[in-house]
Number of protein chains: 2
Amino acid sequence: MTSGEFTLEARCGSARAGTLHLRHGDVMTPCFMPVGTVGTVKFLTPEDLRAAGAKIILGNTYHLYLRPGTEVIDAAGGLGPFMHWDGPILTDSGGFQVFSLSNLNRIEEQGATFRSHIDGSSHLLTPEKAIDIQAVIGSDIMMALDVCPPGNADRETATDAVDRTLRWLIRCQARWDEKVQESGSRAGLLFPIVQGASFADLRLESARRTQELADWAGIAIGGLSVGEPKQVTYEMLEVLEPVLRPDGPRYLMGVGYPDDLVESIRRGADMFDCVAPTRNGRNGTAFTSYGQVNVRKAAFRTDFEPLDPDCQCECCRNYSRAYLRHLFKCGELLGHRLLSVHNVAFLLNLVTRARDEIIAGSFESWAADWLERYRAGP
Amino acid sequence: MTSGEFTLEARCGSARAGTLHLRHGDVMTPCFMPVGTVGTVKFLTPEDLRAAGAKIILGNTYHLYLRPGTEVIDAAGGLGPFMHWDGPILTDSGGFQVFSLSNLNRIEEQGATFRSHIDGSSHLLTPEKAIDIQAVIGSDIMMALDVCPPGNADRETATDAVDRTLRWLIRCQARWDEKVQESGSRAGLLFPIVQGASFADLRLESARRTQELADWAGIAIGGLSVGEPKQVTYEMLEVLEPVLRPDGPRYLMGVGYPDDLVESIRRGADMFDCVAPTRNGRNGTAFTSYGQVNVRKAAFRTDFEPLDPDCQCECCRNYSRAYLRHLFKCGELLGHRLLSVHNVAFLLNLVTRARDEIIAGSFESWAADWLERYRAGP
């Protein structure tokens, strides 16, 4: 198989099971990508991630560009060697963080000028620069620079974002064409991003015009899960599903929570990333087969059962609810680590189970049962 | 071998190599015990500790008594099962933290009344209670409650501490005799503690009177490394070495840094504990064969060598100085974890090496060379 090839193995309703062949290994879809913002999935080693079932992780271009910077990453031979991860990596374009995290000065046709959230230094992120940085990082999948308006954007803002995202995509593609020709290039596949906020016709237009530009190895759906109601996310997925080419993976950016994953797989999405498992883990919130649970709860004081009896992760194999509660009550950061391991493993097990059910043809009924149980709570 | 038996295998000058047979496994000496204050060696799992070479860990009775409390530990079946550590555990008596950490109200003959540093609640720690708590914890080695004056204590304070420590030891021993008779008891061995501050004659008196009381399985040297100059610590060890019974292990409490360990092994001490490896690790300070080093240093920016090329720990096998620097610059707690692993492994490797050199008869020259290299720094 050549890098970027996608094998669609089964469908069940709109849900899909496939395999994406990447330079650093195959990724079975649906897949969840733990987020390693600055070259570390907080608290966890690559060995922890492997043991939890991770096949591909995500890096944030904005953060990595600011720290440690492309010079250090280049000298290390790319992000993988730098952080001791030998599997596939996907990077975002940096745009989302520029819009949400930095002090954004202005967006012009050339690119986005922003000040670093760390030291206030001024930078210009252009489509070309987003590609250049990701080529240094050496991610297996790089993202085109897009304009990502807030979830409640008005029609004009959303239209402008779609148009500029398409113009920037053409520039990204041109730079990417150059980069992949360079000898010793670490440039990976390039995915474009569909925008359009919560306007169905704009989403359709964005998808159509994006797909007309090239035979992309995969396509991302951006600008969702950014403040709009969940029902809107689901509606946009339903609108897009019939028009997105079936022979490539669809990456729903920034999603999500366990039930979001099941709902989105149900609507034809294949790839996901989110800080939810690690961020919630650090807050003491665990995803379990009986719903979300706060491990500080008094009922866990002398409860020596595993956090989730259905889970075989390092946390659930070795530690009790009472011990996890104790760690969080004492502010002991081993608790953050163990709950991060569990939540990541939970999402990875969930997408693996969804894949099995899709292949078995039983996804729809399984998903309905699973969602009911999860939402019922403890 | 019965629990508590100590086999002295080799001597080299005053340095000793032995094996201490404990309920949960054999411990080769000299040994270093990583400190798991509230039932967790900060950031590390028992698997990490095993991989780093740990055979025995230390728990703090004061902290465990306050959180999670004896009721929870008892219900878990002891501290080992609670924290998922199946090896030997040593616990202190709680006295040191009562004197140093709590709001101490008063010390009377009955015991020490203190207020919790967490919630201000009032508690009385008596010799009997120190034994009762440690019996619930189920440590392989429990410590008698002692009075630990500051390193610069005057002669009267030091004399009173020696006398009261001996009277409390008799009460601890009586309670311990009862506890070990109880069916299903988790009470382990009892070690007494020699006090005497920096007064050689008081140290000798404390050791003599302590050893006259019983045929202890081992003996601890307390009240050192509590603010006095290091030279005083070494002098007290030299004073005690000839009078301490050779057929039991000598535990030097709260020591130490790498060079302290070598200096103390040289003077006949066998067992050590200290938070130095983990606390320094969290501060970004690493112990290495070329001295202490701050991993944030600018020279590490693009240095892709392991932290210590002589070390085979998880951190040094998998990560570079540049990556560790990056983690600490970003405040990423994986850095705390990796440096804690390294520093703990460094001390464990150091005592193992010292043991090998003692058995080979080459300890003295090795120790001199090692100290010179370590103290020379990077």
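Labels below follow one simple rule: chain letters A, B, ... track the order of the sequence lines, proteins then strands, and each chain is numbered from 1. Atoms considered below: every heavy atom in the structure, side chains included; atoms not considered: hydrogens, waters and symmetry mates.
- Partners of D132(B) under the salt bridge (Lys or Arg N to Asp or Glu O under 4.0 Å) rule, at least two apart in sequence or in another chain, are R175(B), K179(B).
- Counting heavy atoms from C-beta outward, T45(B) and L334(A) have side chains that approach closer than 4.5 Å.
- Comparing V72(B), V41(B), V38(B), N318(B) by how many heavy-atom pairs each has under 4.5 Å with chain A, the most go to N318(B).
- Looking at P81(B), neither its backbone nor its side chain comes within 4.5 Å of chain A, counting heavy atoms on both sides.
- For K42(B), the parts lying under 4.5 angstrom from a heavy atom of chain A are both the backbone and the side chain.
- Annotation: ring-ring contact (aromatic ring centres under 6.0 Å, His included) contacts of F328(B) (sequence neighbours excluded): H336(B).
- Listed by sequence position, the residues of residues 51-65 of chain B in contact with chain A number zero, using a 4.5 angstrom heavy-atom cutoff.
- Residue R50(A) qualifies as enclosed at atom CZ: its count of foreign heavy atoms under 6.0 Å is above 12.
- Of the two parts of L66(A), neither the backbone nor the side chain holds a non-hydrogen atom closer than 4.5 Å to a non-hydrogen atom of chain B.
- Within residues 117-125 of chain B, no residue has any heavy atom under 4.5 Å from a heavy atom of chain A.
- Within the 4.5 angstrom heavy-atom criterion, atoms from both the backbone and the side chain of F43(B) approach chain A.
- For F300(B), the CZ atom counts as densely surrounded, since its 6.0 Å shell holds more than 12 non-hydrogen atoms of other residues, nucleotides or ligands.
- Within 6.0 Å of CZ on F99(A) lie more than 12 heavy atoms contributed by other residues, nucleotides or ligands.
- The parts of R301(A) that come within reach of chain B are both its backbone and its side chain, each placing non-hydrogen atoms under 4.5 angstrom from that chain.
- Contacts between R67(B) and chain A at a heavy-atom distance below 4.5 Å involve backbone atoms as well as side-chain atoms.
- For the set T40(B), L333(B), L44(B), L338(B), the entry with the most heavy-atom pairs within less than 4.5 Å of chain A is T40(B).
- Both the backbone and the side chain of F82(B) come within contact range of chain A, each with at least one heavy atom under 4.5 Å from a heavy atom of that chain.
- Within a 6.0 Å radius of CD in E71(A), other residues, nucleotides and ligands contribute 12 heavy atoms or fewer.
- Within the 4.5 Å cutoff, side-chain heavy atoms of M83(B) are placed close to those of Y323(A).
- Contact count versus chain A (heavy atoms, under 4.5 Å) is highest, among A76(B), G335(B), G69(B), G77(B), for A76(B).
- Neither the backbone nor the side chain of D303(B) comes within less than 4.5 Å of any heavy atom in chain A.
- When heavy atoms are compared at a cutoff of 4.5 Å, D48(A) approaches chain B solely by way of its side chain, counted from C-beta outward.
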